[in-house]
Structures are given as C-alpha cells and as structure tokens.
Number of protein chains: 2
Amino acid sequence: MDTSDRLIESTQELLWERGYVGTSPKAIQQRSGVGQGSMYHHFRGKPDLAAAALRRSAEQLRELAERQLGGPGTAFERIANYLGREREVLRGCRIGRMAQDPEVIADPELRAPVEETFEWLTGRIAGVIEEGRAAGELRPGAPAAELARALTAVVQGGYVLARAADSAEPFHQAVQGAIALLRSQLTED
Amino acid sequence: MDTSDRLIESTQELLWERGYVGTSPKAIQQRSGVGQGSMYHHFRGKPDLAAAALRRSAEQLRELAERQLGGPGTAFERIANYLGREREVLRGCRIGRMAQDPEVIADPELRAPVEETFEWLTGRIAGVIEEGRAAGELRPGAPAAELARALTAVVQGGYVLARAADSAEPFHQAVQGAIALLRSQLTED
DNA sequence: GTCTATATTCGGATAGAC
DNA sequence: GTCTATCCGAATATAGAC
C-alpha cells in the first residue's frame, strides 16, 4: 500500500472515531506513520484528505449494502437481511456520523459523498419495495420512497440510541421493530 | 436572568450548533457576554458547564415530547402528533447530536442526560402503544418496546438524513413512512 | 518525495489584583 | 464576583534543506 493509501485509510478511521472537527493532521500522521512534509506533499491539507477518505468510505458502504439488497431472497428478506446484518453498532455509521459536523455540512466537497450515499441507499431500498409490490409480495400503500426513508432512518437513529446507551441493545430493538412493521406489509398476512 | 443562566443558555445553543468538541470556553463567553473570570467562578470548566447545559436541554425535551404523548387523542393520534410535530429539522436534535461525540460518551456526567432522555422517551412511547393495545385500538404483535425504539430511531435518523441532504424533506418523508407503518397496526384496518 | 524548523492562532485553563 | 495577565500545548499549516 502506498503513502496516499495509508493516509486515506488512517483518515477514514479517525473520521469514524473522532469526527471531522476532532481529527487533526498530526493524528493522521501518527496513525499512518507518514511524516508531515510527506502528507502535505500528497494532499493540500485536512479538507482535501478528508474528502478523499469520505469518497472511499461512501464507496465501501454502498458495496456492503448491495450485498444484501442485491442478494437472493424475496423483497422482504433482502431488506430484512440488510437491516439485520452484523454491524459494529457502537462505532456508529462512518458516513452518517459526518452529518452532525457543521464544517462537513458547510463544505460541498465534504457533504457530497454523504448526501449521495443516502440518496443511493434510499433509492435502492425503494426499488426493492417496488419490486416486492410488483410481485404481489408487499401491499401497496404509502409511497415506497417514504418507507425507504423510514427504514434508512431507523438504522441511523439506531446508532444514535446505541451510543447514547453505550449498548448495542437499543439498535437491535429498533431494527427488530422496523422488521416487524415491514412484515405487516406482506400480503400473506 | 442571572449570570449562571446566561452561561447555561449560551452553552446549550453552542452544543446544539457545534457539538461538545467544537464548543470552546471562549465562544461561550462571547455569546453570553460573560467574562472569563466570571465563567470560571460559576463553573469549574467546560465539562461542568456542558453537564449543566445538557441536563437543562434534556428536561426541556421531555416537556416538549410530553405535550403530544400525554395530550388528547387515541394512542395512534398521540404518537403521530409526536412524530409529526414541528421541528427545526436542519438544526438536528440537541440531545441526539451529543451521542456522536466520543468525549461526551466517555464521560458519565455528560452521557447520563443523553441516555436518560432516550430511555424515558422510548418508555413513554411504549406505554402509549400498550394503552392502545389494551383499548383494542392497536393490534398485538411485536414487543411495544421494539416498536417504540424504531419510532424514536426514525426521528433521530431523520435528522441525520436531513442534514446530509441539507433539506428537511428526507426527515418529513421518514416520519410519514413511520406513521404509515404505525397506521397499519390499527385494528380497524 | 521526505525531513526539520518556524509561525500563528486557538483551547482551556490558573493566578492574583480589584 | 469580575477583570486582566499569563501559561502551555495543540491545530494547521508554510518554508526551505536534503
């Protein structure tokens, strides 16, 4: 792995753990083992490096989600698999976390990967819901986009509840509740 | 309003806008118009002041939520009123925001009001769901605690989606989706 | 490409006068 | 109770040597 990659990877980790405002260039240098002059040779500064790190995290998150959402099974099963998949709950979402930071939200370069990730994710889930409805598996009803937003929000909010409680339990309860509500949309009910 | 109150109120605002790590004693002094010596006379330092501010925000949030959850209407209506009530969506949740900050989570004094707020809120919503079930208004099914966690998570996650999109729209979609799912739990369906 | 030196401002206080 | 002075390290770089 080359110098740029080590810098990006360390920045991804630090942004996840400490957020943008809590991540310093010095901490990135120490974690990556890359010197100061070297870091400023490869990147213009902290915002530039953070943008690269966020783009990479966004890409990884989409790949992970696609494994369940594009996997085998009925529409309900694919969404339930996505919601219930194993996660490092107490670490939170490496993308969603950025939404809290005013400096990220204020900088279009930094906000773009965050916005695009959630647009992609809710669109993807809405598409699966539409497939399920077309197949007669899921009831028609509320707009698929609204259900997809609600499901995405349960995951993001679940992280918040878990960190507040310093326990993964609230996250898992929230996800179970969401799956139960989605199950009641099955036509066989 | 006395000096302590002005300090606490300014700290509440800054914690909401910028988070714990992004809030400096100097910024608090400037916003409150209170001098440095005075601030350190009334509070031992930033953590002490932040703890006071968070306790007050937690109390205010419970009062606000109780207006809908303890208000008139059926169980469904009370929860739908709570979910759909007007909010400053793009500012986020002043309590939920703290869950992202590692220094808040690591300090029991700071985390306690955050944890207690969500425990109270999910318990209160679960209670309303139980009332609705006892009255024959809502179907039995998933544990009320799980549904309550999911609904609470939708609100918290809705804030995340809204800030990511720099638009209140995803929040409102998520809430509408959640209300639609809850509506399908009505026995009259 | 990488290193070390230097610069400026901020963060988060403590000390002591008034 | 409030004010001003002072302190020390961290944040975020820039400059120039190697």
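Naming convention: chains lettered A, B, ... in sequence-line order (proteins, then strands); numbering from 1 in each chain. As the structure is a computational prediction, the values presented were derived from the model and not from experiment.
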Student: What does B:Gly37 touch in the nucleic acid at a heavy-atom separation under 4.0 angstrom: a base, only the sugar-phosphate, or nothing?
Tutor: base
Student: Can you tell me if A:Lys46 touches the phosphate of D:dT12, counting only side-chain N or O atoms and a distance under 4.0 Å to OP1 or OP2?
Tutor: yes
Student: Any side-chain N or O of A:Thr3 under 4.0 Å from OP1/OP2 of C:dT2?
Tutor: yes
Student: Can you tell me the distance, in whole Å, between the CZ atom of B:Arg44 and the C1' atom of C:dG12?
Tutor: 15 Å
Student: Where the side chain of B:Ser38 is concerned, which of C:dT14, D:dT2, D:dT12 is the nearest nucleotide?
Tutor: D:dT2
Student: Using whole Å, report how far NZ of A:Lys26 lies from P of C:dC10.
Tutor: 18 Å
Student: Atom NE2 of B:His41 and atom C1' of C:dA17: how far apart are they, to the nearest Å?
Tutor: 16 Å
Student: Which whole-number value in Å describes the distance from A:Leu49 CG to D:dT12 P?
Tutor: 12 Å
Student: Among the candidates C:dG12, D:dA11, D:dA13, find the nucleotide nearest to the side-chain atoms of B:Ser24.
Tutor: C:dG12
Student: Please state how far atom OH in A:Tyr40 lies from atom P in D:dA17, giving the value in whole angstrom units.
Tutor: 21 Å
Student: Please step through side chain to side chain contact (heavy atoms under 4.5 Å, CB included) for the pair A:Phe43 and A:Ile8, ending with a clear verdict.
Tutor: CA-CA 10 Å; A:Phe43 294 92; A:Ile8 289 177; 3.8 Å; yes
Student: Output the rounded distance in Å from CG (B:Leu14) to C1' (C:dG11).
Tutor: 14 Å
Student: Would you kindly check if the NZ (Lys) or CZ (Arg) of B:Arg87 is within the cone defined by 45 degrees around the ring axis of B:Tyr82 and under 6.0 Å from the six-membered ring centre?
Tutor: yes
Student: May I ask you to say whether B:Glu66 pairs ionically with B:Arg78, meaning some side-chain N is under 4.0 Å from a carboxylate O?
Tutor: no
Student: What contact category does A:Ser4 fall into here, base, sugar-phosphate, or nothing, at under 4.0 angstrom with non-hydrogen atoms?
Tutor: nothing
Student: In whole Å, I'd like the distance from the CG atom of A:Asp48 to the C1' atom of D:dA13.
Tutor: 14 Å
Student: Starting at atom CD of B:Gln36, determine the distance to atom P of D:dC7, rounded to an integer number of angstrom.
Tutor: 14 Å
Student: Indicate yes or no: does A:Glu88 engage A:Arg94 in a salt bridge with an N to O separation below 4.0 Å.
Tutor: no
Student: OP1 or OP2 of C:dT2 versus the side-chain N and O atoms of A:His42: is any pair under 4.0 Å?
Tutor: yes
Student: Under 6.0 Å from the six-membered ring centre of A:Trp16 and within 45° of its axis: does the NZ or CZ of A:Arg97 meet both?
Tutor: no
